[in-house]
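Encoded as structure tokens, the structure appears first; notes follow it.
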Amino acid sequence: MSTPTTHDARPAPPKRSRGAAALGWILTIGLNVVAPIITYNVLTEDRHWSAFSALLLSSAWPVLDSVISLAWRRKLDEFAVVTLVFLVITAVVSLVGAHSARALLIKDSGVTGLFGLLCLATLFAPRPLMFYFGRKFATDGTPESTAWWNGLWQYEGFRTTMNRMTLVWGLAYVAEALVRVFLAYTLSTGTMVVVSPIMIYGVLGALGVWTAMYGKRSQAEGERRAAEAAAAEAAEAGAAGAAAAS
């Protein structure tokens, strides 16, 4: 008999709690994006702190998000952990080497390149990085929706999708970092100051669009395979019944 893993017949997600989802996203964006940016800008521009010290203090916000998640949902928020790791990487990179304009541009590439390597490294972990990012975006954080997402890992098609997404993100960011380092040495600093953020947000936008399209296509393919397997089982059952009747 065929198994659900073979069929890839994924269960539908539970009904999402809009209140829980909204509150979760407010906390996530506020503590992992808005608060660190404001803290960093205030400390470096108004207080004249070093970039390293400002980044170090900014990393306290994702830690607070993790503490709130542990107290509220009894589980660690992987999104906050990744944000914290990203801030730590940025702080470490800011300490390395000279502090010329070209060096600062290269350091930006080092941050995105190390993030790409982090993605690739998680392919050897029990779950790839995109599995946790997907759970953050696809669920409202309630135990029911989290259990549903975790349960999808049993399906081969879902595992392939998460691993492939992580692979593509990792390779894309490593390639983006290498290209920006090359351009930093070939283009003028003024030109690179314009090109660098365009590349950063361009790659992020392209990956976001590709991820959404690939996720929908993979889901549709899984549903098609499940329907074909169910039809085949029904045909086999019908043939067996006819043979038994005769």
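As the structure is a prediction and not an experimental result, all values here were calculated from the model.
One distance of note links CD of Gln219 with CZ of Phe158; it measures 10.0 Å at 0.5 Å rounding. Taken from CE in Met162 to OG in Ser218, the straight-line distance is 7.5 Å, to the nearest 0.5 Å. Thr161 contributes atom OG1, which lies 9.5 Å from atom CZ of Arg217 (distance to the nearest 0.5 angstrom). Rounded to the nearest 0.5 Å, atoms CG (Leu117) and OG1 (Thr112) are 10.0 Å apart.
Taking the side-chain contact (heavy atoms from CB on, under 4.5 Å) definition, one finds that Leu123 meets it with Leu120, Pro128, Asn163, Thr166, Leu167, sequence neighbours left out. In this structure, the side-chain contact (heavy atoms from CB on, under 4.5 Å) partners of Leu187, at least two apart in sequence or on a different chain, are Leu183, Thr191, Met192, Val195. Residues satisfying the side-chain contact (heavy atoms from CB on, under 4.5 Å) criterion with Phe124, sequence neighbours excluded, are absent altogether. Taking Asn41 as the reference, nothing meets the side-chain hydrogen bond (donor to acceptor under 3.5 Å, both in side chains) condition, with sequence neighbours excluded.
Evaluation of the ring pair (Phe, Tyr, Trp, His ring centres under 6.0 Å) test over residues 174-198, restricted to residues two or more places apart or in two chains, returns none. Screening residues 187-205 for salt bridge (Lys or Arg N to Asp or Glu O under 4.0 Å) gives no qualifying pairs among residues at least two apart or on separate chains. Applying the salt bridge (Lys or Arg N to Asp or Glu O under 4.0 Å) test to pairs two or more places apart or on separate chains, those with a residue in residues 162-188 are Glu176-Arg180.
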For this session: Please report the C-alpha distance between Leu129 and Phe115 in whole Å, then the side-chain angles of each, then the deciding distance to 0.1 Å, and finally whether the side-chain contact (heavy atoms from CB on, under 4.5 Å) criterion is met.
Result: CA-CA 11 Å; Leu129 187 60; Phe115 177 75; 4.1 Å; yes

For this session: Please test Val168 against Tyr173 for side-chain contact (heavy atoms from CB on, under 4.5 Å), starting from the C-alpha separation and ending with a verdict.
Result: CA-CA 9 Å; Val168 169; Tyr173 269 113; over 6 Å; no

Exercise. Would Glu156 and Arg159 count as a side-chain contact (heavy atoms from CB on, under 4.5 Å) if you check the C-alpha gap in whole Å, the side-chain angles of each, and the deciding distance to 0.1 Å?
Worked result: CA-CA 5 Å; Glu156 181 181 358; Arg159 296 194 299 271; 3.7 Å; yes

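At a threshold of 4.5 Å between non-hydrogen side-chain atoms, the residues Thr211 and Phe133 do not count as touching. Considering only heavy atoms from C-beta on, Trp169 stays 4.5 Å or farther from Val174 through its side chain.
Between Phe131 and Trp149, the ring-plane angle classifies as tilted under the 30° and 60° cut-offs. Taking the six-membered ring for Trp and thresholds of 30 and 60 degrees, Tyr214 and Trp210 have nearly parallel ring planes, at less than 30 degrees apart.
What you find for Asn150 and Arg135 is that their closest heavy atoms are OD1-NH1, 2.7 Å. Contact detail for Ala172 and Leu207: the closest heavy-atom pair is CB-CD2, 3.8 Å. Of all non-hydrogen atoms in Pro36 and Gly30, the two that sit nearest each other are CD-O, 4.2 Å.
A donor-acceptor pair under 3.5 Å links the side-chain atoms of Thr122 to the main chain of Cys119, judged by distance alone. Here the side chain of Glu45 pairs no donor or acceptor atom with the backbone of Val42 at under 3.5 angstrom.
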